[in-house]
Amino acid sequence: MPAESSQTLERGLRLLRLLADGRRGRTPTELAGELGLSRPAVYRLLTTLQSEGFVRRDRDGRVHLGFGVLVLARAVQPLLREGALPTLRGLAEEVGATAHLTVAEGDDGLAVAVVEPSWTDMHVAYREGSRHPLARGAAGLAVLALRQGRTDYVTTEGQLQEGARGIAAPVPGVPWLEASVGVVAFTPLDPEVVGPRVAAAAAELATALA
């Protein structure tokens, strides 16, 4: 790829990453300042990205991510699930509880991968595709903790299902992903034993995705 084209691509990706940080959009002038680019250069990037649906402008002229990004995100989910399964399988077998990977979609958490232990008499049936508010359940609370810069594990009981206990930890250090790894069971889970194992699994997955 010619150097000029490569530089343009790199600038466009940096622009998208800025817009993905959750703030309420930016003006082209703000983008130019944060990227260290001229306003004409930013306008050229925005024209291309907007034509492909990756950014949009509101009526105040502020720039936001476009819905074209969602199409890419949906394509990534099967790859993310495939990459997470070995880690989740090891966690489920070791802990004896249903293990899951949950990703943030706005204010909700979406279970994209679930593995049940093979050797237990009873375990929680947790369906892939299940969705719940981030403010309820260990998986969602771990994502909210990540947004606050915390990577410690979270424990809950009975928040999503009566009698179910959950422990989850954020997946750290992956800028493009807000997610958590967790386990859920009807039997007691010792946080001091299971919590560090869940956090280690989340870190293992982060390394695999980096």
Hydrophobic clusters here meaning ILVMFWY residues chained together by side-chain heavy-atom distances under 4.5 Å, can you tell me if [X] and [Y] are in one?
{"X": "L91", "Y": "L189", "value": "yes"}
{"X": "L110", "Y": "V174", "value": "yes"}
{"X": "V63", "Y": "L49", "value": "yes"}
{"X": "V95", "Y": "V171", "value": "yes"}
{"X": "V42", "Y": "L65", "value": "yes"}

Using a 4.5 Å cut-off on heavy atoms from C-beta on, say whether the side chain of [Y] contacts that of [X].
{"X": "V55", "Y": "L16", "result": "yes"}
{"X": "L15", "Y": "L46", "result": "yes"}
{"X": "V183", "Y": "T98", "result": "no"}
{"X": "V76", "Y": "W176", "result": "yes"}
{"X": "L31", "Y": "L19", "result": "yes"}
{"X": "R39", "Y": "T29", "result": "yes"}
{"X": "Q50", "Y": "R56", "result": "no"}
{"X": "L88", "Y": "V114", "result": "no"}

For E128, enumerate each residue passing the salt bridge (charged side-chain N to carboxylate O under 4.0 Å, His left out) test, keeping only those at least two apart in sequence or located in another chain. R81
Looking at residues at least two apart in the chain, or sitting in another chain, which of them share a salt bridge (charged side-chain N to carboxylate O under 4.0 Å, His left out) with R89? none
Show every donor-acceptor pair shorter than 3.5 Å between a side-chain atom in residues 160-168 and any protein atom, with sequence neighbours excluded, or say none if there are none.
residue	atom	partner	partner atom	Å
R165	NH1	F186	O	2.6

Start with the C-alpha distance between L205 and L101, add both sets of side-chain angles, then the distance that settles side-chain contact (heavy atoms from CB on, under 4.5 Å), and finish with yes or no. CA-CA 10 Å; L205 180 58; L101 171 68; 3.7 Å; yes
Results of side-chain hydrogen bond (donor to acceptor under 3.5 Å, both in side chains) for [X] - residues two or more places apart only:
{"X": "D190", "result": "none"}
{"X": "S118", "result": "E93"}
{"X": "R131", "result": "E105"}

Taking atom [atom1] of [X] and atom [atom2] of [Y], what is their separation to the nearest 0.5 Å?
{"X": "L9", "Y": "T48", "atom1": "CG", "atom2": "OG1", "answer": "11.5 Å"}
{"X": "S130", "Y": "D108", "atom1": "OG", "atom2": "CG", "answer": "12.0 Å"}
{"X": "R14", "Y": "L45", "atom1": "CZ", "atom2": "CG", "answer": "9.5 Å"}

Identify the two heavy atoms, one from [X] and one from [Y], that lie closest to each other, and give their separation to 0.1 Å.
{"X": "A75", "Y": "L79", "result": "O-CG, 4.1 Å"}
{"X": "G61", "Y": "R57", "result": "O-NE, 3.0 Å"}
{"X": "P117", "Y": "A92", "result": "CB-O, 3.5 Å"}
{"X": "L146", "Y": "P170", "result": "CB-CB, 3.7 Å"}
{"X": "P86", "Y": "G83", "result": "CD-O, 3.6 Å"}
{"X": "A206", "Y": "P172", "result": "CB-O, 3.0 Å"}

Is the side chain of E30 donor-acceptor paired with the backbone N or O of T27 at a distance under 3.5 Å, no angle test? yes
Main-chain N/O of S6 paired to R11 side chain as donor or acceptor, under 3.5 Å: no
Looking at residues at least two apart in the chain, or sitting in another chain, which of them share a side-chain contact (heavy atoms from CB on, under 4.5 Å) with D58? D60, R62, H64
Sort and list the pairs that fulfil salt bridge (charged side-chain N to carboxylate O under 4.0 Å, His left out) and have at least one residue in residues 135-144, not counting sequence neighbours. none
Applied to residues 110-122, the salt bridge (charged side-chain N to carboxylate O under 4.0 Å, His left out) test, sequence neighbours excluded, yields none
Using the ring-ring contact (aromatic ring centres under 6.0 Å, His included) rule, collect all pairs that involve residues 67-112, keeping only residues at least two apart or in two chains. H100-Y126
Is there a side-chain contact (heavy atoms from CB on, under 4.5 Å) between R17 and L13 once you walk through the steps? CA-CA 6 Å; R17 289 192 185 101; L13 293 173; 4.0 Å; yes
Restricting to pairs with a member in residues 143-160, which pass side-chain hydrogen bond (donor to acceptor under 3.5 Å, both in side chains), not counting sequence neighbours? R147-E178, Q148-R150
With a cut-off of 3.5 Å and sequence neighbours excluded, list every side-chain donor-acceptor pair involving residues 194-204.
residue	atom	partner	partner atom	Å
R197	NE	E94	OE1	2.4
R197	NE	E94	OE2	3.3
R197	NH2	E94	OE1	3.4
E204	OE2	T87	OG1	3.0

